[in-house]
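To start, the structure itself, in structure tokens.
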Amino acid sequence: MGEKLTEYERRRLENIKRNDEMVAALKIHSRLNDLSAAAAASKRQRDESKSSKRSPVKKPRSESPVVLRRSLRSRGVPPDAATASGPNDDLTGRKLTFKNPQWNSRESTEVEGPLKMSGTYLGGDDGLNQKLIRTILQCSKKSVLSSDGDKGPRDSTVKLEKSEEFEKFIPGKRLTGSIDVNAFQLKPENIARVVPSRIMSLKFFPTVDMEMVVAGNKFGDVGFWNVNRKNEGGGGIYLYHPHSRPISGIVIDPFCISKMYTSCYDGFIRLMDVEKEIFDMVYYSDYTVYSMSQSPHDVKSLYFSEGRGGVNKWDVRAGKSCLKCDLHDERINTIDFNSENENIMATSSSDNTARIWDLRRINAVKPTPLKIVSHKRAVHSAYFSPTGKFLATTSLDDKVGLSSGANYEDTSMVYHYNRTGCWISTFRGIWGWDDSSIYIGNMKRGLDVISVEEAKTVTTLGSDLVSAITCRYEAHPYNVGMLAGATGGGQVYIWTQS
DNA sequence: TACCGGTTTAAATAC
DNA sequence: GTATTTCCAACCGGTA
């Protein structure tokens, strides 16, 4: 693992060196230009970048983007050149936002076109990249075979084969079942550092054929951890760099796990297509993509947020947007869908609200939500319970909101300290496998379990093995009782039932 | 309302 | 262990 970090740092240093060379080249170039014009252009770039970072235009899609990025393809640069392009002054635009100028250069991942998986692999040895590809393809093949039949997938774990839920297994629909929160255990072998730095997104592969977790960090790295050491390739960690900025969302197609979508603050949405061994470009936005989600009822659409309050519904088959609307006044932090009602969606936003929407009624210019859950500060998540009867909202106002009722009209607020500060990601209360509990990290490196019935924190799980605050959690969709927590230092902890 | 700048604050690394 | 460094968030309140 230390070697991986070293390799990662080596790649970063290489990148910085490339950037330095480009900066040096630019200096020579700028001598040829009028100094005042260069200064004005520089100031304009700064201003534009700040306005797009701190306060993206209110109606991003109805106005022309201020900064246009020129397609590298149109400039004759091969689209699959993962590391071929250095940063370029006319492409940095809104990227000029950091104090350290080294970070302001356009990164090699920000090219409009596919990136080879091998080119973005940070482990050095391409044999390991190939190993991950083989592992995912093997499982994907199994899943396809089994979802074509009527019996459900063949499962390699004894536990699920014996469970009643196994018979009900449907790709895209998470399993439900009650568990004893006091039976959670953290085993030393279920701890790993999957990426360097802060984890922003965490997902399990939606399959019962292996236990694979994916983590996206703030540098645009995506790490894979094949958790179960008993399986072939188990314990392996694989690190890629397909983006340049924080990974805001990960979506894996439950019907085809060799297709994984990632969204990023850099405005890119990529599709890791394991069969083609590429991170393909699905979409590029001039505005920050803060979140991405997929409806379990419609896996051929991606929903993602853009800039200040916009939501874009993307048709992955047609490769085009099929709906754009403004749903909030500030950035949208999460998008979630009701598992029981295909028309219901929830969004959480830094405009201090979470909103519940009827998808049939958001085509309007000024769509009206079915329900607004109001907090006093930014709302960082809004998730439906497994049955869809509850909505849990997590806000920086130190409250976890619980909304229920036919139209979610009954809202109660549970106190939970949520001020995570500047070094770690915000907390998000998630659901497990029934409607009884919400799982959320705390500032003392513990895992709080909030009882819905009692409307308070009833249990706090902890372990001496946990060395940092777990800010993001993910429940395994098909493996009841498997809960992953992620830290600001790149570690992932997986709690299991016995 | 856009913008500026102060503030919060954890964890890796260096000693 | 303890001190030092990090400086790719995000919020809030003051100001023009």
Side-chain angles (χ1 to χ4, degrees), chain A residues 1-2 4-6 8-9 11-12 15-16 19 43-44 46-59 66 87 92-110 193 195-201 216-221 241-248 264-268 288-291 307-309 329-334 348-352 375-381 394-398 417-428 441-446 466-472 485-493:
Chain A
M1 211 162 339
K4 282 188 165 49
L5 192 58
T6 307
Y8 169 79
E9 286 167 347
R11 292 286 296 265
R12 284 191 62 75
N15 207 19
I16 288 166
N19 294 350
K43 184 180 184 300
R44 177 171 45 81
R46 259 199 324 276
D47 293 348
E48 283 165 359
S49 60
K50 278 189 176 160
S51 72
S52 77
K53 186 197 177 194
R54 301 182 66 89
S55 52
V57 289
K58 196 155 190 175
K59 288 172 186 170
V66 183
T92 52
R94 75 197 174 103
K95 303 299 170 190
L96 279 168
T97 55
F98 308 121
K99 287 175 190 170
N100 183 343
Q102 277 181 347
W103 301 115
N104 293 332
S105 302
R106 183 187 169 98
E107 272 207 30
S108 58
T109 61
E110 295 179 49
R193 191 181 160 98
V195 288
S197 182
R198 183 195 303 187
I199 291 175
M200 310 288 289
S201 309
N217 73 0
K218 69 172 183 175
F219 291 126
D221 301 326
H241 186 66
H243 290 280
S244 63
R245 303 245 275 137
I247 306 284
S248 54
C264 181
Y265 282 24
D266 66 13
F268 282 81
T288 309
V289 177
Y290 284 110
S291 52
R308 184 184 270 189
D329 299 325
E330 292 292 339
R331 53 178 280 183
I332 294 172
N333 297 305
T334 60
S348 66
S349 167
S350 294
D351 69 3
N352 298 4
H375 281 268
K376 292 187 176 66
R377 301 267 298 273
V379 187
H380 274 278
S381 68
T394 306
S395 168
L396 290 184
D397 69 359
D398 292 337
Y417 187 86
N418 291 331
R419 276 172 275 178
T420 46
C422 72
W423 303 115
I424 56 176
S425 302
T426 48
F427 291 144
R428 292 175 175 176
N442 67 32
M443 293 300 277
K444 293 175 179 170
R445 303 181 177 183
V466 179
S467 63
I469 292 166
T470 43
C471 44
R472 293 287 155 91
T487 73
Q491 297 96 340
V492 175
Y493 298 87

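Naming: A, B, ... by sequence-line order, numbering from 1 per chain.
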Checking contacts here: which listed nucleotide (B:dT8, C:dC8, C:dA10) is nearest the side-chain heavy atoms of A:Cys422?
B:dT8
Between CG of A:Asn418 and P of C:dC11 the distance, given in whole Å, is 13 Å
Between A:Asn352 (CG) and C:dA10 (C1'), how many Å, whole number?
13 Å
Quick one: is A:Ser350 getting a side-chain N or O under 4.0 Å of the C:dC11 phosphate, OP1 or OP2?
yes
Taking 4.0 Å as the cut-off, does a side-chain nitrogen or oxygen of A:Tyr290 come that near to OP1 or OP2 on C:dA9?
no
Any side-chain N or O of A:Gln491 under 4.0 Å from OP1/OP2 of B:dA12?
yes
Short side-chain N/O contact to C:dA9 OP1/OP2 from A:Arg331, under 4.0 Å:
no
Look at the side chain of A:Leu396 and decide which nucleotide, out of C:dC11, C:dC8, B:dA2, has an atom nearest to it.
C:dC11
Nearest-nucleotide pick for A:Ile424, side chain only, options being C:dC8, C:dA10, B:dA10
B:dA10
Could you check which of C:dC8, B:dA10, C:dC11 has an atom nearest any side-chain atom of A:Pro246?
C:dC8
Considering all heavy atoms of both residues, which atom of A:Met443 and which atom of A:Arg419 are nearest to each other, and what is their separation?
CE-O, 3.6 Å
Respond yes when some side-chain nitrogen or oxygen of A:Arg193 is under 4.0 Å from OP1 or OP2 of B:dA11, and no when none is.
no
For A:Thr334, the option from A:Ser349, A:Ser348, A:Ser381 that meets side-chain hydrogen bond (donor to acceptor under 3.5 Å, both in side chains):
A:Ser348
Are OP1 or OP2 of C:dC11 and a side-chain N or O of A:Arg419 less than 4.0 angstrom apart?
no
Between B:dA2, B:dA11, C:dA10, which nucleotide has the shortest distance from any of its atoms to the side chain of A:Arg308?
B:dA2
Phosphate OP1/OP2 of C:dC8: any A:His241 side-chain N/O under 4.0 Å:
no
Could you state the atom-to-atom distance from OH of A:Tyr417 to P of B:dT8 in whole Å?
11 Å
So, using side chain to side chain donor-acceptor pair (under 3.5 Å) as the criterion, who are the partners of A:Ser425 when residues are at least two apart?
none
Atom CZ of A:Arg245 and atom C1' of C:dC8: how far apart are they, to the nearest Å?
6 Å
Spacing between A:Phe427 atom CZ and C:dA9 atom C1', to the nearest angstrom:
15 Å
State which of B:dA10, C:dA10, B:dA11 makes the closest approach to the side chain of A:Arg445.
B:dA11
How many whole angstroms separate atom CG of A:Asp397 from atom P of C:dC11?
12 Å
Rounded distance (Å) that lies between atom P of B:dA10 and atom CG of A:Asn442:
12 Å
Picking from B:dA2, C:dA10, C:dC8, the nucleotide nearest the side-chain atoms of A:Met200 would be C:dA10
Partners passing side chain to side chain donor-acceptor pair (under 3.5 Å) against A:Thr487 (at least two apart in sequence or in another chain):
A:Gln491
4.5 Å side-chain heavy-atom contact, A:Arg198 and A:Asn217:
no
I need the CG-C1' distance between A:Asn333 and C:dA10, as an integer number of Å.
10 Å
Nearest heavy-atom neighbours spanning A:Asp397 and A:Lys376
OD2-N, 2.9 Å
